[in-house]
Amino acid sequence: MTNETSWKSTSVRAKISMLRSLFGLSERMAPALGGRHATRLWLTVPPMPPVPPEPEGGEPFAVRVGGGTVRGASFGSGPLVYLMHGWGGVGGQLSALVDPLRRAGFRVVMFDAPSHGRSDPGACGPGRTHGVEFAAALTAVMSRFGQADTVIAHSMGAVPSLMVNRDGRPVGRFVLLAPMRDLSTHLDRFAAQVGIGRRTRLAMDERIARLTGHPVAAIDVRLLARDAAPVPLLVVHDRGDRETWHAHTVELAESWPGPATMVSTEGLGHRRLLIDPAVVRQVVEFVGVPADRSRPGVIAA
């Protein structure tokens with residue numbers, strides 16, 4: 001009997017082979033149609049990974065975002081810390097941070113972005129969304145609860161977090177965990193994997209720009225960081241991360257307009273750092289004590 005891992009691997013290879021044939025044909029005959037299909041694939045939310053149990057004592061909430069409802073929970077009281085998950089994730093992936101921050105005197109707010117977890121689909125329809133809808137959701141949640149003392153974001157969640165700040169929502173400090181740097185790099189990787197040619201890729205980029213209201217090249221934390229206030233930043237990235245790149249995060253830390261602390265880990269990959277006790281401790285120390293908001297973030301070793 002073929003084992004499950006082998007079957008899945010064979011199935012994935014067959015799907016990629018089919019897509020490469022499809023996009024090869026579209027490149028020659030109908031790049032606009034190929035771009036439309038490529039965009040639908042790109043905006044499709046992947047299956048959710050295993051998520052830790054949600055902490056007890058949360059107060060559920062729901063806010064309207066576009067035509068749907070975004071759902072989440074808040075924990076504790078005090079200055080507001082918002083948790084922004086990444087692509088294909090849910091707020092509960094950052095649950096390990098909730099109780100330590102609550103004990104430190106913060107109110108922690110986490111939620112699921114459109115088409116993720118318990119939240120409704122956004123304008124792209126069931127099972128699809130994009131980073132600008134993430135930003136709209138974070139804006140709506142901030143409108144409900146108030147100004148952010150801290151935003152803690154994972155992976156793609158870094159982009160909407162900085163978008164919200166650029167668009168007028170003050171944030172006292174940022175924690176970015178394995179942040180995605182820019183959309184173009186990830187589209188390049190996707191295009192190479194499934195055989196998207198130049199004409200089809202151009203049609204895809206144009207369609208994404210129409211849907212999001214932003215050119216693909218503008219969805220980039222380097223550009224967003226230029227407009228950020230010079231507030232403290234902590235970035236944590238594993239050297240072996242295969243989904244986002246450690247070198248990109250080093251570049252972000254070096255160019256950040258305010259004080260920046262870079263923490264590099266080994267062997268935690270893209271998601272395990274969210275539950276690693278040492279990382280959680282460093283994040284909580286950086287966020288600090290509400291009674292002393294004037295001090296800089298703690299420099300984590």
Side-chain angles (χ1 to χ4, degrees), residues 42-52 70 72 81-98 110-117 119 128-138 141 150-165 171 174-190 193 208 212 216 219-225 228 233-253 256 260 262-265 267-276 279-280 282-283 286:
W42 179 255
L43 299 181
T44 298
V45 179
M48 186 177 67
V51 177
V70 162
V81 177
Y82 293 93
L83 306 182
M84 180 74 261
H85 68 79
W87 184 251
V90 291
Q93 285 181 298
L94 293 102
S95 287
L97 292 163
V98 171
M110 68 181 188
F111 63 95
D112 301 336
S115 288
H116 288 69
S119 293
R128 294 186 176 89
T129 188
H130 51 71
V132 178
E133 285 193 333
F134 272 54
L138 180 56
V141 173
T150 305
V151 172
I152 301 174
H154 176 232
S155 192
M156 193 274 278
V159 173
S161 299
L162 291 173
M163 281 183 169
V164 165
N165 184 231
V171 175
F174 286 97
V175 177
L176 304 181
L177 306 172
M180 182 186 99
R181 186 185 71 178
D182 66 285
L183 180 57
S184 293
T185 296
H186 289 266
L187 284 175
D188 288 346
R189 182 164 66 172
F190 172 69
Q193 182 183 34
I208 289 173
T212 64
V216 166
I219 303 177
D220 188 322
V221 298
R222 292 169 296 184
L223 300 179
L224 294 166
L233 167 72
L234 171 67
V235 284
V236 184
H237 213 131
D238 193 80
R239 296 182 188 278
D241 193 328
R242 296 183 178 181
E243 296 192 33
T244 56
W245 286 271
H246 178 270
H248 289 177
T249 297
V250 172
E251 178 186 10
L252 172 62
W256 184 255
M262 174 81 193
V263 174
S264 300
T265 65
L268 296 179
H270 191 63
R271 295 185 179 87
R272 288 197 304 277
L273 57 76
L274 299 178
I275 59 173
D276 180 74
V279 172
V280 169
Q282 289 167 320
V283 169
F286 175 83

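For the pair A158 and A153, the tightest heavy-atom approach, listed with the atom from each and the gap, is N-CB, 3.8 Å. S119 and V70 make their closest contact through OG-CA, 3.3 Å (heavy atoms, listed as atom of the first residue, atom of the second, distance). The shortest heavy-atom contact between A178 and D241 is CB-OD2, 3.5 Å. Scanning both residues, V45 and G88, for their nearest heavy atoms gives CG1-CA, 3.9 Å. Considering every non-hydrogen atom in both F286 and L234, the closest pair reads CZ-N, 3.5 Å. Closest heavy-atom contact between P160 and G131: CB-O, 3.6 Å.
The backbone N or O of A113 sits less than 3.5 Å from a side-chain atom of H85, completing a donor-acceptor pair. In this structure, S95 contributes its side chain and G92 its backbone to a donor-acceptor pair below 3.5 Å. In this structure a side-chain-to-backbone donor-acceptor pair under 3.5 Å is missing from T212 to V132. Without hydrogens or angle criteria, H116 side chain to P114 main chain gives a donor-acceptor distance under 3.5 Å. Put simply, the side chain of S115 gets close to the backbone of R128: a donor and an acceptor are under 3.5 Å apart.
In this structure, M110 and Q93 have side chains that are not in contact, with every pair of non-hydrogen atoms separated by 4.5 Å or more. Annotation: side chain of L224 is not in contact with side chain of N165 (no heavy-atom distance under 4.5 Å). Within the 4.5 Å cutoff, side-chain heavy atoms of L176 are placed close to those of L252. Side-chain contact between I275 and P52 is present, with heavy atoms from C-beta onward closer than 4.5 Å. The side-chain heavy atoms of W87 and P46, taken from C-beta on, include a pair separated by under 4.5 Å. Side chains of Y82 and V164 form no contact here, defined as non-hydrogen atoms less than 4.5 Å apart. Residues H154 and L177 form a side-chain contact, since some pair of their non-hydrogen atoms from C-beta on lies under 4.5 Å apart.
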| Step-by-step side chain to side chain contact (heavy atoms under 4.5 Å, CB included) determination, L83 to V98 | CA-CA 9 Å; L83 306 182; V98 171; 4.0 Å; yes
| request: Give the C-alpha distance, both sets of side-chain angles, the deciding distance and a yes or no for side-chain hydrogen bond (donor to acceptor under 3.5 Å, both in side chains) between T244 and H237. | output: CA-CA 9 Å; T244 56; H237 213 131; 3.0 Å; yes
| message | Set out, in order, the CA-CA distance, both residues' side-chain angles and the distance that settles side chain to side chain contact (heavy atoms under 4.5 Å, CB included) for S184 and D220, then state yes or no. | response | CA-CA 8 Å; S184 293; D220 188 322; over 6 Å; no
| task | Begin from the C-alpha positions of W245 and R181 and carry the test side chain to side chain contact (heavy atoms under 4.5 Å, CB included) through to its verdict. | result | CA-CA 8 Å; W245 286 271; R181 186 185 71 178; over 6 Å; no
| task | Mind running side chain to side chain contact (heavy atoms under 4.5 Å, CB included) on I208 and L183 for me, showing each step along the way? | result | CA-CA 11 Å; I208 289 173; L183 180 57; 4.3 Å; yes
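To the nearest 0.5 Å, the span separating CG on L273 from OG on S264 amounts to 11.0 Å.
Around CZ of R189, the count of heavy atoms belonging to other residues, nucleotides or ligands within 6.0 Å exceeds 12.
A perpendicular orientation is assigned to the rings of W256 and F174, their planes being inclined by more than 60° (bins at 30° and 60°).
Checked options T265, D276, V279; the residue passing with D238 is T265 (criterion: side chain to side chain contact (heavy atoms under 4.5 Å, CB included)).
With sequence neighbours excluded, the residues satisfying salt bridge (Lys or Arg N to Asp or Glu O under 4.0 Å) with R271 are E243.
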